[in-house]
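All heavy atoms count here, side chains included; hydrogens, waters and symmetry mates do not.
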Amino acid sequence: MINLKKISSKWQKKWDEKKIFKSVSGKNNFYVLEMFPYPSGSGLHMGHLRNYAIGDAFARYKRMKGFNVLYPMGYDSFGLPAENAAIKQKVDPRKWTENNIKQMRKQQKSIGLSYDWSRELMTHSEEYYKWNQWIFLKFLEKGIAYKKEAPVNWCPGCKTVLANEQVVSGKCWRCKSQVENKFLGQWFFKIRDYAEELLNGLDGLKNWPEKVKIMQKNWIGRSEGTEIEFKIGKEKVAIFTTRADTLFGVTFMVFAPEHPLVAKWVKGTKYEKEFNSFLKEVQKEDKFERMAEGGEKKGMFIGKYASHPITGEKIPLYVGNFVVYEYGAGAVMAVPAHDQRDFEFAKRFKIPIKVVIQPSSYKLDVTTMSQAYTKDGKLVNSPNFNGLGNRKAIVEIGKFLKQKKLGKAVVNYKLRDWLISRQRYWGTPIPIVYCDKCGMVPEKKLPVLLPKDVKFTGEGNPLEDSKSFAKCKCPKCGGVGRRETDTMDTFVDSSWYFLRYCSASKKLPFESDPVNKWMPVDQYIGGIEHACMHLMYARFFTKALRDLKMVKFDEPFARLLCQGMVLKEGVKMSKSLGNVVEPEVIMDKYGADTARWFILFTALPEKELEWCEGGVDGCFKFLNKICSLLDEVEYGNEMGSKEKYLIGKMHRTIEKVENYLEKFELSLAIGAVMDLVKHLVKYKKGEVNKKVFLEVVENLALILNPFVPHLSEELWSVLGKKGFTSLAKWPKYDLKKIDLKAEMAEEAIGVVMGDISTVLELIGIKKPSLIKLFVADKWKYDFITKFKKLLAKDRNPGMIIKGLMVGELKKHGKEISKLVPYLINNSSKLPEGKLDQKSELTALEENKEAIAEEFECSVEIIVGGLEEKARKAMPGKVGVLVE
RNA sequence: GCGGACGUGCCGGAGUGGUCAAACGGGAUGGACUCAAAAUCCAUUGGCUUAGUGCCUACGCAGGUUCGAACCCUGCCGUCCGCACCA
């Protein structure tokens, strides 16, 4: 009896000693990667365990399949929690982080994951973040990185700015504080320049979940429209609209309060005071409330007018809380009759409403309208365009504007540039020096190290107070310089770490050659929460690095799997809810294999996993059955149908497990293994054919490796085998070794297709006592539904039921099965012309005698159906059988 | 508002046109073993039942397509998730 709990550390040690998972680039490269973890203080949680169990199973399977697998692990170790710990617990963030990593690594090792630990990386190490800085400077050179004053999301909890992607429902994605608006000088990456490519690239990602692609698509938010120039005094403002057809309905314009032109215009006017308090109010308003649809429309007139580009009419200018500064021009032309927001705004400020689109079924009346009309219709009140369908009008008006040089067709994106500066300590310093003489100078001497003379007070950025850091020499003139104190968003670190695993160069972030050999990642696994963050950034980085000629591919991750959450009683396991089950507790109680087995078996990887202690216990019991498989066996040499059946079962199981693994249906793969074990246990109860039994157990040991590697190795060694199953070849299945007759005898039902002679040959029956011919009859289809029951009835030895599903075949336009040609060849009494169900039935009836004579048995004709499914299960075979 | 996913037995969950009263697992009940329990094994686990290779009702609800639907289509209800005043 194998002791499940005791074998884990034994094999982990052996794997470690022999360094069997060290990967070297060669032929058949295959890169399996899980999203690397943040080393938090609470260590590994169930989500991690699930993530790694899935990835490891796949990596192990691919390795056994003969692939040269790269399967590394590392730590995303820069980030706020470390700094917060430093503030709260007065610990050095580096120490705190490194302790956590130590802890986490230990936990990971105890699961028996087959990582190549020699490639481990930590993003907070100098040799890693040096290259963040190096890439930053390359981006700066290329114009991908830039600094600008911008309204930003400020998280008062984290005391730093956030990227758009990190604001969830108006709150900080990490600490859930309400995000505030601020206007600050910040560093950005021009991800927007790649918007079109990021969008189009999604189509090529055939093996990504649709859901993630849709989320990214929505996030990029491409929309086609028209840019229209409005003259405002001496200025020209080109606004963006998707509804150029409503141009003649414009009765006012609304600017975002942050728009710099607005401040300029109101300066020194009677509107200045009111505007300033309005701006303050809007900025204080929390972003989510401000943006939410149906939110209160606030605004004010700013005493300026624009002139309509075509009619020259005077158009009053307003500022409004609903206009987003960063999108389009930060200003809109307002058409209250045909836009709900504009309508509400116009009602509130008593601005005229002008209908320019009329629906066909009724007539819009400004005095009675209670909401904007946003559907299709024909243009009215639009000189030269009246009567035109509005969709056509968009094109026509666009053409007209272009001709007059007043506008053009443009494409707009919701995606904003990626704000990467963070006003915090525990991140990669941005390698820039400000000098009064030279301005902004890149620091070429890398790395710019994080200083140690800092205090964590929780107030402000510690880097600003560091004497050794903030003050420095200008790299250009040698004069006094000021160092940039912003650090980089940690998502910069994770945007290229998968490249560094391929080649941890000392001269470059990575060497192109090995990277091009391993990349793209063949299988990436992680949570869906990164759909619009990490996964978008990494795609952007890859494209940017490609443009820097550092890599030769466009997409970093060929195939993506987003694993589902781990739930307890229907809700996500989380500390705040107190429903956390610690992986370590489970590992201690049952051992690593049980934990892995349970987590892989209970739900398909993409689905949510409901944690249930009873289920874990069940898995433990089941694995123990495997453990005692080799105990007290009574060996003999019998070679009957049971033995043949078992061999067949084994081949079928290997085939199934392989197919399921390829499709990532791990729970079904385990189900198939369990089925085999069940048969083995059953078989073992009688006298056992040693050769057959051991062959099956050997193969079982091999196919267990991806799921329960320790048990797999142990079983292998108990069998007296040499080497590791982890390095062994995946067994080859051979469906020819399946003895159909034995299978039918053991399972009572099998499925065979062919003409009658073929069927007889396949099942090894020379003289059947009865042949039943199945015909689906349109006029007697109630029989069809009882097909299964008929089957169950006819379990008499030597009897064949041949099925034929006429309706199905007819639908697919196929010829009417092999049975009919057989009959045609053997009958002179067949009807002329086309065969339909009815004539087939007649034909069968007429040929009943002939068949009976040929096979020397009685023949019955049954009206019933036949399963397409059966054909799928055993391609090229259909029919049915019996004991 | 827009977009997406899902709704199957006591529970977790397979199945996505015909071997379906529904894989696999958990739980429950009965039985075997035992002084007893754990473990293990066997049986039962939609209803009715003259117990039969029997009948009826079931895969959120209501329709439709089909010889045939848990599976395809339409509408509705419910749950969950993502985006959200994007002009």
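- Side chain of A:Q340 to main chain of A:A372: a donor-acceptor pair is present (N/O by atom type, distance under 3.5 Å, no hydrogens or angles).
- Distance check: A:T374 OG1 to A:D339 CG gives 8.5 Å after rounding to the nearest 0.5 Å.
- Atom P of B:C72 sits at a distance of 15 Å from the matching atom of B:U8, rounded to the whole Å.
- With A:D342 contributing its side chain and A:V335 its backbone, the two residues share a donor-acceptor pair below 3.5 Å.
- Stem list for RNA chain B (at least 3 consecutive Watson-Crick or G-U pairs, distances under 3.5 Å): B:1-7 with B:77-83, B:10-12 with B:24-26, B:27-32 with B:40-45, B:46-48 with B:54-56, B:60-64 with B:72-76.
- For the pair A:W219 CH2 and B:C81 P, the interatomic distance rounds to 18 Å; values are reported in whole Å.
- Nearest to the side chain of A:K414, among B:C86, B:A14, B:C81, sits B:C86.
- Under the side chain to side chain contact (heavy atoms under 4.5 Å, CB included) criterion, A:K347 pairs with A:F343, A:I353, sequence neighbours left out.
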Taking only nitrogen or oxygen atoms into account, show me every contact under 3.5 Å that the protein makes with nucleotides 6-13 of chain B, one pair per line with its distance.
none

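- Listed nucleotides B:G4, B:C85, B:A87 differ in distance to A:N321; the shortest reach to its side chain belongs to B:C85.
- Contact between A:P309 and A:L406 at its shortest, heavy atoms only, is O-CD1, 3.5 Å.
- Heavy-atom minimum distance, A:K5 versus A:G591: CG-N, 3.7 Å.
- Atoms CG (A:L666) and P (B:A14) sit 13 Å apart, rounded to a whole Å.
- B:A14 and B:A23 are spaced 6 Å apart, taking the C1' atom of each and rounding to whole Å.
- Taking the P atoms as reference points, B:U53 lies 22 Å from B:C42, given to the whole Å.
- Put simply, the residue from A:F349, A:F230, A:F345 that forms a ring pair (Phe, Tyr, Trp, His ring centres under 6.0 Å) with A:F252 is A:F345.
- Listed here is the closest heavy atom pair of A:I239 and A:A331: CG2-O, 3.6 Å.
- Pairs passing the side-chain hydrogen bond (donor to acceptor under 3.5 Å, both in side chains) check and including a residue from residues 601-616 of chain A, sequence neighbours excluded, read A:Y590-A:E613.
- In this structure, A:Y325 and A:H259 have perpendicular ring planes: the angle between them is above 60°, well past the 30° mark.
- Taking only side-chain atoms of A:M674, from C-beta outward, the nucleotide of B:C86, B:C24, B:A14 with the closest atom is B:C24.
- Atom-to-atom, NZ of A:K663 to C1' of B:A14 comes out at 12 Å; the value is rounded to the nearest Å.
- Distance noted for atom C1' between B:G15 and B:C71: 9 Å (whole Å).
- Note that CG of A:L676 and CG of A:L680 are 5.0 Å apart. Values are rounded to the nearest 0.5 Å.
- Between B:G25 and A:K678, a contact under 4.0 Å exists linking OP1 or OP2 to a side-chain N or O.
- Taking only side-chain atoms of A:V324, from C-beta outward, the nucleotide of B:C81, B:G15, B:C86 with the closest atom is B:C86.
- For B:C20 and B:U34, the P atoms lie 40 Å apart once the distance is rounded to whole Å.
- As rounded to the nearest Å, B:U74 and B:A21 have P atoms that lie 28 Å from one another.
- Taking only side-chain atoms of A:F322, from C-beta outward, the nucleotide of B:A87, B:C85, B:G4 with the closest atom is B:C85.
- Comparing B:C77 with B:U66, their P atoms sit 28 Å apart, to the nearest whole Å.
- In this structure, A:I220 places its CD1 atom 19 Å from P of B:G82, rounding to the nearest Å.
- For A:Y327, taking side-chain heavy atoms from C-beta onward, the closest of the listed nucleotides B:G4, B:C24, B:C86 is B:C86.
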Collect all protein-nucleotide pairs involving nucleotides 39-44 of chain B in which both atoms are nitrogen or oxygen and the distance is under 3.5 Å.
unit_1: B:C41; atom_1: OP1; unit_2: A:K625; atom_2: NZ; d: 3.4
unit_1: B:C41; atom_1: O3'; unit_2: A:K685; atom_2: NZ; d: 3.2

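- Closest of all the heavy-atom pairs between A:I586 and A:V616 is CG2-CG1, 4.2 Å.
- When each of A:M565 and A:G614 is assigned the nucleotide of RNA chain B bearing its nearest heavy atom, the one mapping closer to the 5' terminus is A:G614.
- The two atoms that bring A:Q563 and A:I54 nearest to each other are CB-CD1, 3.8 Å, heavy atoms only.
- A salt bridge links A:E281 with A:K298: the closest approach of a Lys/Arg side-chain nitrogen to an acidic carboxylate oxygen falls below 4.0 angstrom.
- With rounding to the nearest 0.5 angstrom, the CD atom of A:E634 is 14.0 Å from the NZ atom of A:K685.
- Base orientation of B:G52: syn (glycosidic angle within 90° of 0).
- The two residues A:I599 and A:A53 make their nearest non-hydrogen contact at CG2-CB, 3.7 Å.
- Within residues 331-341 of chain A, the residues having any heavy atom closer than 4.0 Å to RNA chain B are, in order of number, A:V332, A:R341.
- Using atom C1' as the reference point in both B:A28 and B:G12, the two lie 15 Å apart (nearest Å).
- A:N624 places its CG atom 17 Å from the P atom of B:A38, with the value rounded to the nearest Å.
- The distance from atom CZ of A:F255 to atom P of B:C86 is 18 Å, rounded to the nearest whole Å.
- Between A:K171 atom NZ and B:G82 atom P there is a gap of 13 Å when expressed in whole angstrom units.
- Atoms CD (A:E606) and P (B:A5) sit 14 Å apart, rounded to a whole Å.
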